[in-house]
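These notes are about the structure you will find just below.
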There are 2 protein chains.
Amino acid sequence: MALPRRLPAEPRVEQTDLAPLDDKLGFWLRLAQQSGFDTLQRGLGPLGLTPGRLGVLLLVEANPDIRQALLAEALRIKPSNLTVLLAALEQEGLIRRDEEEGNRRANRLRLTEAGRALLRQGEEAEAAAERQLAARLRPADRAALLTALRRIAGG
Amino acid sequence: MALPRRLPAEPRVEQTDLAPLDDKLGFWLRLAQQSGFDTLQRGLGPLGLTPGRLGVLLLVEANPDIRQALLAEALRIKPSNLTVLLAALEQEGLIRRDEEEGNRRANRLRLTEAGRALLRQGEEAEAAAERQLAARLRPADRAALLTALRRIAGG
DNA sequence: GCCATACTATTATGGTGCATAACAATGGAT
DNA sequence: ATCCATTGTTATGCACCATAATAGTATGGC
C-alpha cells in the first residue's frame with residue numbers, strides 16, 4: 001500500500017506565523033477600534049468633525065446646559081482635553097459656553113443653530129459608518145459584542 | 001382610597017443622559033480598547049515594554065529572520081513606524097538587525113538572548129492582563145468577542 | 001467676617017499610535 | 001545604462017490621552 005509520500009518542497013512563499021497574536025484580546029481590540037475610528041473618520045472628516053467632536057455635540061444636545069466637568073465624565077475624557085475641544089467648537093460657532101448664573105466658575109453648554117445643523121449631518125454619517133462596521137455581524141452578534149465591550153470597558 | 005400623591009421634587013442630582021452614546025459601537029470600541037491598553041500597559045510598563053514592543057518581540061520570535069516589511073504587515077503598522085520601534089529595541093540589545101545576504105536592502109530580524117528573556121516575562125504579564133480583561137466574560141463570550149472583533153477589523 | 005478647603009476650568013507639556021510624503025539605497029529587468 | 005520596484009529611513013502632523021500647575025470662584029467652619 002502506497003504511503004503518502006512527503007510532497008516536494010514547494011516554492012517558498014514568505015509566510016508569517018501570526019499565531020502569537022491571533023488569540024490576544026488586546027491585539028484585536030486595537031485593530032477593531034482602529035477600523036471603527038477610520039470608518040467614522042472617513043465619514044466625519046468632510047464635515048470638519050472627528051469622533052471626539054461628534055461625541056461632544058451628541059451629548060450637549062441631549063443634555064442642554066450641562067457643565068464641562070460632567071460632560072467630560074460622560075465622554076470619559078479629561079476635563080483639560082475637553083477644554084481644548086470646546087474652545088475650537090465655540091470658535092467655529094457650533095456651541096455656546098455661558099457662565100452659570102450664581103456660579104461664575106461653571107460653564108453651561110448649549111448647541112447653536114449651526115451646531116444642531118452640523119450634528120444632524122454628523123449623525124447621518126455616523127449611522128452610515130455604524131452600519132458599515134456591523135455589516136458582517138448578525139444583529140444578535142452586534143448586541144453581544146456591545147455587551148462584551150461594555151464589560152471590558154468597565155461600564 | 002388614598003391615591004399615591006406626586007412625590008415632592010427630590011433634591012436634584014445632576015444626571016446625564018448617555019443614551020446618544022451607549023449603543024454606538026465606535027464609542028465602546030474606543031473605551032474597551034483603552035481599557036485593554038491600560039491593563040496591558042500596567043503589566044508591561046515595569047518591564048520597559050509596551051503593547052507594541054511586545055507584539056514585535058512575539059512575532060520576531062515566531063518568525064526568525066523575518067524582514068521588516070513583512071513584520072509591519074503582520075502587526076498592521078506602517079513600516080515607517082516600525083523602523084522607530086526596532087531602532088529602540090536594537091539599541092537596548094533586545095533584537096538584532098542583520099542585512100540579508102545578497103540583498104543589502106532587507107533586514108533580517110532576530111531576538112537576542114536578552115530579548116528572549118524579556119519576552120518570557122512580557123508573555124507572563126500579558127497573560128495576566130488578558131485574564132483580567134476577560135474576567136467578566138464567560139469563555140464562550142470571549143470567543144464570540146474575538147470573532148466579532150476580527151470581523152470588524154476586517155481580518 | 002475670615003480662612004481653609006473644594007470645585008471648575010484653563011494652560012502647558014509630554015507621550016501614544018497612526019498616517020503621509022520625501023528620500024536614499026539597492027536590486028532586477030530590459 | 002536606464003528605468004522601475006523594493007526596502008528602509010526620516011520628518012512631520014493629527015487625534016487622543018495623561019499629568020501638573022494655576023486662577024478664579026464658591027462653601028462651610030469658626
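Atom set for the values below is all heavy atoms of this structure, side chains included, hydrogens, waters and symmetry mates excluded. First the proteins, then the strands, lettered A, B, ... as listed; each starts at 1. Quick caveat, the model's predicted, so the values are computed rather than measured.
- If you take CD of B:E100 and P of D:dT7, they are 9 Å apart, rounded to a whole angstrom.
- Put simply, CG on A:L86 is 9 Å from P on C:dA9, counting in whole angstrom units.
- Distance A:L40 CG to D:dC16 P: 10 Å, rounded to the nearest Å.
- Rotation axes derived from the C1' atoms of the five outermost pairs at either end of the helix from C:dG1-D:dC30 to C:dT30-D:dA1 lie 10° apart, to the nearest 10°.
- Under the side-chain hydrogen bond (donor to acceptor under 3.5 Å, both in side chains) rule, B:R108 has a single partner from B:E100, B:E99, B:Q68, which is B:E100.
- Computed from coordinates, the A:R30 CZ to C:dC18 C1' distance equals 9 Å when rounded to whole Å.
- Under a 3.5 Å cut-off, the side chain of B:S35 and the backbone N or O of B:L31 do not form any donor-acceptor pair.
- In summary, B:E123 and B:R120 do not engage in a salt bridge, as defined by a charged side-chain N under 4.0 Å from a carboxylate O.
- One hydrophobic cluster, built from ILVMFWY side chains closer than 4.5 Å, cannot hold both A:L149 and B:F37; they sit in different ones.
- Taking 4.5 Å as the limit, some side-chain heavy atom of A:K24 sits within range of a side-chain heavy atom of B:L58.
- Across all strands shown, A:T50 has heavy atoms under 4.0 Å from sugar-phosphate atoms exclusively, and none from any base.
- Contact annotation: A:R53 does not reach the phosphate of D:dA15 (side-chain N/O to OP1 or OP2, under 4.0 Å).
- Residue B:Q34 has no polar side-chain atom (N or O) positioned under 4.0 Å from OP1 or OP2 of D:dC16.
- Judged by distance alone with a 3.5 Å cut-off, no donor-acceptor contact links the side chain of B:T83 to the base of D:dT10.
- Salt-bridge check for A:E130 with A:R142: passed, with a basic side-chain N closer than 4.0 Å to an acidic carboxylate O.
- The shortest distance between the side-chain N/O atoms of A:R105 and the OP1/OP2 oxygens of C:dC7 is not below 4.0 Å.
- As a whole-Å value, the separation of A:Q41 CD from D:dC16 C1' is 11 Å.
- Counting only heavy atoms from C-beta on, A:N103 has its side chain closest to D:dA26 among D:dT9, D:dA26, D:dG8.
- When each of C:dT10, D:dC16, C:dA21 is scored by its nearest atom to the side-chain atoms of A:S80, the top-ranked nucleotide is C:dT10.
- The interatomic distance linking B:L109 (CG) with D:dT9 (P) rounds to 9 Å, in whole Å.
- Between A:R97 and the phosphate of C:dT10, there is a side-chain N or O to OP1/OP2 separation shorter than 4.0 Å.
- Side chain of A:R30 to backbone of B:G36: no donor-acceptor contact under 3.5 angstrom is found.
- Between B:N107 and D:dT9 there is a side-chain N or O to OP1 or OP2 distance below 4.0 Å.
- Nearest-nucleotide assignment on DNA chain C puts the 5′-proximal partner with A:I66, out of B:L75 and A:I66.
- Candidate nucleotides D:dA18, C:dT16, D:dG8 were compared by shortest atom distance to the side chain of B:D38, and D:dA18 ranks first.
- In this structure, the nucleotide among D:dC17, C:dA19, C:dA9 sitting nearest to the side chain of A:R67 is C:dA9.
- Each of B:Q68 and A:G52 was assigned the nucleotide of DNA chain D with the nearest heavy atom; the assignment lying further toward the 5' end belongs to B:Q68.
- Rounded to an integer number of Å, the gap from A:I77 CD1 to D:dA15 C1' is 12 Å.
- Side chain of B:K78, nearest nucleotide from C:dA9, C:dT20, D:dT9: C:dT20.
- Side-chain atoms of A:R67 do not come within 3.5 Å of backbone N or O of A:A106 as any donor-acceptor pair.
- One can place CG of A:L82 at 8 Å from P of C:dT10, the figure rounded to the nearest angstrom.
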